[in-house]
A.B. asks: 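Questions regarding the structure given below will be posed in turn.
Both backbone and side-chain heavy atoms feed into the values below; hydrogens, waters and symmetry mates do not. One-based numbering, in listed order, for ligands and for the atoms of each.
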Amino acid sequence: MMINLSQNRNLKLFKLISGIAAQHNQSVYIVGGYVRDLLMKRQAPTDIDFVTEGNGITLAQAVAKEINPNQKVSVFRNYGTAMFRHHGLDLEFVGARKESYAENSRKPSVETGSLEDDQKRRDFTINALAISLNQDAFGELIDPFGGITDIQNKILRTPLEPSQTYSDDPLRMMRAIRFAATLNFSIEDRSLQAIKKEAARISIVSMERVMVEFNKMMLSEKPSIGLKLMEQTGLLQLIIPELTALRGIEEVEGQTHKDNFWHTLEVVDNISRNTDKLWLRWAALLHDIGKAPTKKFVEGTGWTFHGHEFLGSKMVKQLFQRLKLPLGYDLRYVQKMVKLSSRPIALIDDGTSDAALRRLLFDAGEDLEDLFTLCKADITTKNSHKQAKFKKNFEYVALKIKEVEEKDHIRNFQPPISGEEIMGLFNLKPGREIGILKEKVKEAILEGEIANDKTEARTFVIREAATLGLEPSP
Ligand code: ATP
Ligand code: MG
């Protein structure tokens, strides 16, 4: 089959590479994701992989030099690859190779090979398609494993025997699930069985690489597709057991609670319709993890999960450390979301004081909208009457919060009186009293005892300081 590249936006580049490869007496092909996405008419790609029968590094260098004599090329000699950026695309060149794997390592021993050898070492038939850039066959599609049919049937199959493929490089199990989620493909049954069998070998893969695939899955349109596959194959239990611990429904004295695992998947799908923020999706994924360790049946009350948000936010930290996720701002954001995830619901009651609203504003700060997005996604009742009621309740809380915010400006709270001003007022050196007084001012404002205003804060500080035995300096 011929692929018409004449309208392709990269035609000039492809022709250039074709010509240079011919001068070097090397064959060259486009392979991998670019070919797959081209045939599936998916969005513009960010990288293009080229494979050559011969030396990939020298070909990359020759092409780069032709485009721009000063172009820097990154060379990875161990892998026989080289790459450079061109018009916002990562162009990667590799010499065709043949791989064989040892039992306890993801690092294969590598020999040079033919195009077909190289296609065989690829993870899925749809990723093993190649388009020739050779002058006598420019645009010819080379599909030795039926990748085209698999695209039509929306199925992921491995070119070689599945168990061997996944055992050789267990990261491929995560890639299978990631592609199933992002492309909305099914995984061939033989592959699914093989993943179940080989799941435990995921432990030899670095967590960073597992998370690259996991996060791509989390950013897909409907992450539950991937999460369900992970659950079904046993990978989720191995990677995030805090989530599988939420599975199941218990009954005591005829009272049941919902299955918090399935509930969580629904919340993640719901939120994914409203946000592309990776860490907000993570917050949805983890918002209930404190429920498994806090679950208790209380006589007369029923099932309780007392303090699950607080414990959950602590668990988030250990989980981020173990999964090698970023430990700075993103961690604190997810912890905050988990900790606050039930607060807006608690405010629905009409009798809620302004103080409670001010405290939520203070605690959520600039992330208040995200918190509401999470709370709305958390509504998973199938009863449409209840759905509508819950949503209306939220709008009511949002409105009340807006009123309080306009009045008191708590959202990005800046103390109306600074530590320096307090020191000046009493002629004090830095010390314990300053912190105590600042905290008292904040509390008084949140409780509504004084307004968020300099004059009131000053009068308040002078009064409070007296109880500490301090007098204003003349
Ligand atoms: P994406 O759209 O995410 O870039 P991709 O298929 O291009 O998808 P890459 O990670 O860029 O994925 O890898 C490029 C190609 O390299 C793949 O299409 C596949 O042929 C091959 N490949 C990548 N990782 C593996 C692996 N672990 N095992 C076998 N082949 C792999
Ligand atoms: Mg790619």
A.B. asks: Considering only heavy atoms, which of D123, T46, T125, I48 lies nearest to atom 29 (C) of ligand 1?
C.D. replies: D123
A.B. asks: With heavy atoms of R121 as the reference, note each atom of ligand 1 found under 4.0 Å away.
C.D. replies: 29 (C), 30 (N)
A.B. asks: Can you check whether E369's main-chain N or O pairs, donor with acceptor, with T373's side chain at less than 3.5 Å?
C.D. replies: yes
A.B. asks: Which is it for D47 and ligand 1 at heavy atoms under 4.0 Å: side chain, backbone, both or neither?
C.D. replies: side chain
A.B. asks: So with a 6.0 Å cut-off around NZ of K336, is the heavy-atom count from everything else above 12?
C.D. replies: yes
A.B. asks: Determine whether the side chain, the backbone, both or neither of Y166 has a heavy atom under 4.0 Å from any heavy atom of ligand 1.
C.D. replies: neither
A.B. asks: Can you tell which part of D49 has a heavy atom less than 4.0 Å from ligand 1: side chain, backbone, both or neither?
C.D. replies: side chain
A.B. asks: Between the side chains of R122 and E99, is the shortest nitrogen-to-carboxylate-oxygen separation below 4.0 Å, so that they form an ion pair?
C.D. replies: no
A.B. asks: Within the 4.0 Å heavy-atom shell around G33, which atoms of ligand 1 are there?
C.D. replies: 5 (P), 6 (O), 7 (O), 18 (O)
A.B. asks: Counting only heavy atoms, tell me which of R122, R178, R175, R172 gets closest to atom 13 (O) of ligand 1.
C.D. replies: R175
A.B. asks: Counting heavy atoms not belonging to K65, are there more than 12 under 6.0 Å from its NZ?
C.D. replies: no
A.B. asks: So for atom CZ, which belongs to F297, do other residues, nucleotides or ligands contribute more than 12 heavy atoms lying within a distance under 6.0 Å?
C.D. replies: yes
A.B. asks: Show the atoms of ligand 1 that are less than 4.0 angstrom away from any heavy atom in F179.
C.D. replies: 6 (O), 8 (O)
A.B. asks: Please determine if G32 has a nitrogen or oxygen closer than 3.5 Å to a nitrogen or oxygen of ligand 1.
C.D. replies: no
A.B. asks: Which of the numbered atoms in ligand 1 are below 4.0 angstrom from a heavy atom of N127?
C.D. replies: 6 (O), 18 (O), 19 (C), 20 (O)
A.B. asks: So which bit of D169 gets within less than 4.0 Å of ligand 1, heavy atoms only: side chain, backbone, both or neither?
C.D. replies: side chain
A.B. asks: Verify the distance test for D47 against the Mg ion (ligand 2): any N/O/S atom under 2.8 Å, yes or no.
C.D. replies: yes
A.B. asks: In terms of side-chain geometry, is the basic nitrogen of K98 or D118 positioned less than 4.0 Å from the acidic oxygen of its partner?
C.D. replies: no
A.B. asks: Under 4.0 Å from ligand 1, counting heavy atoms only, is it the side chain of Q43, its backbone, both or neither?
C.D. replies: neither
A.B. asks: Verify the ring-centre separation between H263 and H287: is it less than 6.0 angstrom?
C.D. replies: yes
A.B. asks: Could a heavy atom of Y34 be found less than 4.0 Å from some atom of ligand 1?
C.D. replies: no
A.B. asks: With a cut-off of 6.0 Å (strictly less than), are more than 12 heavy atoms of other residues, nucleotides or ligands near CD of E221?
C.D. replies: no
A.B. asks: Do any heavy atoms of K216 fall under 4.0 Å from ligand 1?
C.D. replies: yes
A.B. asks: Going by an N to O cut-off under 4.0 Å, is there a salt bridge joining R121 and E116?
C.D. replies: no
A.B. asks: Kindly give the heavy-atom pair with the smallest separation between Q135 and S18, and that separation in Å.
C.D. replies: CG-OG, 3.4 Å
